[in-house]
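These notes are about the structure you will find just below.
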Amino acid sequence: MPIIQHGISKALVRTSFNCPKRVPSTRSLFTKSAPVKRTPIRTGIYATAFVLSTGIFAVYYFDARSALHRYVLNPFLRNVLDAETSHKFAVKALKAGLAPKDPVKDDERLKCRIWGHDIANPVGVAAGFDKDGEAIDGLFDLGFSWVEIGSVTPKPQSGNPRPRVFRLSEDSAVINRYGFPSKGQASVLSRIRARIPTFSAGSDRAALREDAILAVNLGKNKESPADSIDDFVAGVRAFGPYSDVLVVNVSSPNTPGLRGLQNRDVLERLLDGVTKARDDLEPSVLTSRRPRLVLKIAPDLDEAQLVDIADVIKKSKIDGVIVSNTTVQRPKHLGSPNKTELGGLSGPPIKPYSLKALRTLRTYLPASVPLIGCGGISTGNDALEYAKAGACMVQVYTSFSYDGVGTCRRIKDELMDALAKEGKTWEQVVSEAVEKLSWKEKTAVNKSGEVGVGQLILEAEELKSLLDKLGDKMKEETLSSS
């Protein structure tokens with residue numbers, strides 16, 4: 001029987017069997033969902049995770065050994081910044097304390113000795129990186145034992161026009177024609193003074209570290225007369241009281257006439273002038289002594305020129321030589337398009353020139369004049385090769401710019417492995433090479449025609465060395481035949 005016959009209205013039936021109408025949604029693209037309810041536990045977990053991850057990253061970042069720097073940050077900077085801007089960025093980061101540090105104490109086997117002082121390790125950073133003394137302590141914190149700032153000129157000068165630095169990435173090299181951009185002696189001197197603590201820190205080094213050296217590289221203003229030595233004398237007087245070593249730079253190819261100061265007559269006058277200025281200084285209140293004077297030469301000198309330089313040095317009071325600065329030569333194997341740029345070439349391609357110049361000079365200078373090797377050093381084996389050529393220390397620059405803040409630590413670790421294979425310390429390798437290769441003064445024959453005792457000892461040592469080599473050769477032949 002139909003439902004309506006039981007008195008149920010049609011309207012009620014319609015309402016009961018029809019589906020309710022869909023209410024149109026008011027949510028749009030910009031509608032915000034209800035926020036997730038934050039509980040104290042959830043917030044604590046997020047905060048803890050953030051702090052831990054930040055802390056882990058900080059520990060990793062501030063460790064100079066981290067691969068992050070060599071394989072991520074440095075390549076990134078090279079791709080987004082030109083060479084000079086990247087260089088300045090690195091200096092500013094070191095100055096601000098934002099750079100990593102070398103957390104590892106140097107092994108005793110790396111210890112070297114120069115001028116009677118023990119130095120923690122033989123790896124230094126060459127002049128040219130920190131031109132105005134802005135990042136001295138940042139560089140020491142990277143593990144360098146010798147930090148050389150400059151070149152510093154008496155008056156401020158802007159250097160050569162930009163662009164003036166060019167990467168040769170295919171060759172891991174650099175060509176620069178900076179031309180001694182410098183903020184001048186007064187500016188750099190104020191920075192060095194600002195480092196000095198009000199109260200003595202107990203160190204007798206201008207580096208303010210017991211086992212390190214602070215050197216100031218002295219340059220010459222472009223407008224100064226080519227044969228004038230006045231700029232160098234002024235530098236000695238200004239920085240003498242605040243440095244462990246002063247470097248007389250006569251070898252940059254980017255200042256007209258500068259390399260002419262390597263010629264014998266002018267060099268004699270220059271070395272006499274700077275050593276007299278140094279000797280006239282009162283002993284430093286900071287170090288209680290006068291600074292050492294070191295000459296920096298070019299790798300492009302032939303043997304006759306090196307002989308002349310050695311002769312001048314032996315007659316002077318110069319304390320050492322850095323071999324070498326950049327080269328104007330261009331090896332045929334260079335692959336970068338930038339190889340045609342004017343300026344000084346640095347990096348691995350310069351190593352054969354610098355090493356040859358150092359070996360040659362070592363044979364014409366006595367053991368009392370230490371040599372510091374510089375040029376194409378990017379591995380521990382490179383450093384060891386310089387030691388075997390008679391260098392008591394080495395300096396890096398271009399490899400530092402390519403590989404970043406971990407360069408010093410990496411070279412020291414590789415050097416440790418190389419020394420372990422030799423079964424020697426750095427100082428033993430250097431001492432043997434210097435003793436073997438250095439120039440030795442021949443003892444004159446006396447009036448009665450007899451040879452002096454010193455000459456006899458020298459000849460006996462040479463004979464013993466020859467006999468030892470002969471004995472070793474005979475052993476090898478016996479072993480090979482058995």
Presence of salt bridge, [Y] and [X], under 4.0 angstrom:
| X | Y | answer |
| --- | --- | --- |
| Arg209 | Asp141 | yes |
| Arg191 | Asp132 | no |
| Arg164 | Glu84 | yes |

Tell me whether Lys155 at atom NZ has more than 12 heavy atoms from other residues, nucleotides or ligands lying less than 6.0 Å away.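 12 or below, so no.
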Is the side chain of [X] donor-acceptor paired with the backbone N or O of [Y] at a distance under 3.5 Å, no angle test?
| X | Y | value |
| --- | --- | --- |
| Ser190 | Ser187 | yes |
| Gln262 | Ser251 | no |
| Asp231 | Asn221 | yes |
| Thr360 | Lys356 | yes |
| Asp63 | Pro100 | no |
| Trp426 | Cys392 | yes |

All salt bridge (Lys or Arg N to Asp or Glu O under 4.0 Å) counterparts of [X], not counting sequence neighbours:
| X | result |
| --- | --- |
| Arg269 | none |
| Glu282 | none |
| Lys111 | Glu108 |
| Asp311 | Arg264, Lys315 |

Just wondering, do [Y] and [X] contact through their side chains at under 4.5 Å, heavy atoms?
| X | Y | value |
| --- | --- | --- |
| Lys131 | His87 | yes |
| Leu334 | Leu168 | yes |
| Leu110 | Pro122 | yes |
| Ser145 | Ile119 | yes |
| Asp280 | Arg237 | no |
| Thr327 | Pro253 | no |
| Val294 | Leu246 | no |
| Ile175 | Asn338 | no |

Verdict with reasoning, Asp272 to Ile229, per side-chain contact (heavy atoms from CB on, under 4.5 Å): CA-CA 10 Å; Asp272 286 345; Ile229 68 170; over 6 Å; no
Got a sec, which residues hit side-chain hydrogen bond (donor to acceptor under 3.5 Å, both in side chains) with Glu432, two or more places apart in sequence or on another chain?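 If we apply the side-chain hydrogen bond (donor to acceptor under 3.5 Å, both in side chains) test to Glu432, skipping adjacent residues, the hits are Lys424.
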Restricting to side-chain hydrogen bond (donor to acceptor under 3.5 Å, both in side chains), what partner residues turn up for Gln305, sequence neighbours left out?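 Gln305 satisfies side-chain hydrogen bond (donor to acceptor under 3.5 Å, both in side chains) with no residue once adjacent residues are dropped.
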Hey, which of Val248, Val250, Leu267, Leu271 is the one that makes side-chain contact (heavy atoms from CB on, under 4.5 Å) with Leu261?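 So the option named by the test is Val250.
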[Y] and [X] side chains, donor-acceptor separation under 3.5 Å:
| X | Y | result |
| --- | --- | --- |
| Trp146 | Glu148 | yes |
| Arg78 | Ser86 | no |
| Asp171 | Ser336 | no |
| Asp204 | Ser288 | no |
| Thr326 | Ser346 | no |

Just grab all the salt bridge (Lys or Arg N to Asp or Glu O under 4.0 Å) pairs involving [range], residues at least two apart or on different chains.
| range | value |
| --- | --- |
| residues 379-394 | Lys351-Asp382, Lys351-Glu385, Arg359-Glu385, Lys388-Glu422 |
| residues 177-190 | Arg177-Glu341 |
| residues 292-304 | Arg259-Asp300, Arg292-Asp319 |
| residues 116-127 | Arg113-Asp118 |

Does Lys222 make a cation-pi contact with Phe180 (under 6.0 Å, within 45 degrees of the axis)?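 No, cation not above the ring by the 6.0 Å, 45° rule.
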Determine the minimum heavy-atom distance between [X] and [Y], stating which atoms define it.
| X | Y | answer |
| --- | --- | --- |
| Asp244 | Ala212 | OD2-O, 4.1 Å |
| Ala206 | Thr287 | N-CG2, 3.5 Å |
| Ala387 | Val430 | CB-CG2, 4.0 Å |
| Ala383 | Ile377 | N-CG2, 4.1 Å |
| Thr398 | Ser401 | O-OG, 2.6 Å |

Got a sec, which pairs hit ring pair (Phe, Tyr, Trp, His ring centres under 6.0 Å) with one end in residues 392-411, sequence neighbours left out?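 The answer is Phe129-Phe400, Phe144-Phe400.
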Test side-chain contact (heavy atoms from CB on, under 4.5 Å) on Leu384 and Val429; report intermediate values, then the result. CA-CA 8 Å; Leu384 187 60; Val429 174; 4.0 Å; yes
Let's go through Asn160 and Asn254 carefully: what are the C-alpha distance in whole Å and the side-chain angles of both, what is the deciding distance for side chain to side chain donor-acceptor pair (under 3.5 Å) to 0.1 Å, and is it a yes or a no? CA-CA 8 Å; Asn160 293 323; Asn254 301 316; 5.2 Å; no
Ser354 vs Ser324, test: side chain to side chain donor-acceptor pair (under 3.5 Å). Steps then yes/no. CA-CA 6 Å; Ser354 297; Ser324 65; 2.7 Å; yes
Step by step, would you call Leu293 with Val245 a side-chain contact (heavy atoms from CB on, under 4.5 Å)? CA-CA 6 Å; Leu293 277 173; Val245 176; over 6 Å; no
Show your working on side-chain contact (heavy atoms from CB on, under 4.5 Å) between Asn121 and Arg109 and close with a plain yes or no. CA-CA 8 Å; Asn121 69 77; Arg109 285 174 289 180; over 6 Å; no
Keeping to residues at least two apart or across chains, list the side-chain hydrogen bond (donor to acceptor under 3.5 Å, both in side chains) pairs with something in residues 410-419.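 Passing the test, one end in residues 410-419: Asp102-Lys412, Asp106-Lys412, Asp403-Arg410, Arg409-Asp413, Arg410-Glu414.
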Run the side chain to side chain donor-acceptor pair (under 3.5 Å) test on Asn217 and Ser151 for me, step by step, so that the C-alpha distance in whole Å, both residues' side-chain angles and the decisive distance to 0.1 Å come before the verdict. CA-CA 5 Å; Asn217 187 292; Ser151 294; 2.5 Å; yes
Test Thr85 against Asp82 for side chain to side chain donor-acceptor pair (under 3.5 Å), laying out the working first. CA-CA 5 Å; Thr85 304; Asp82 65 79; 2.8 Å; yes
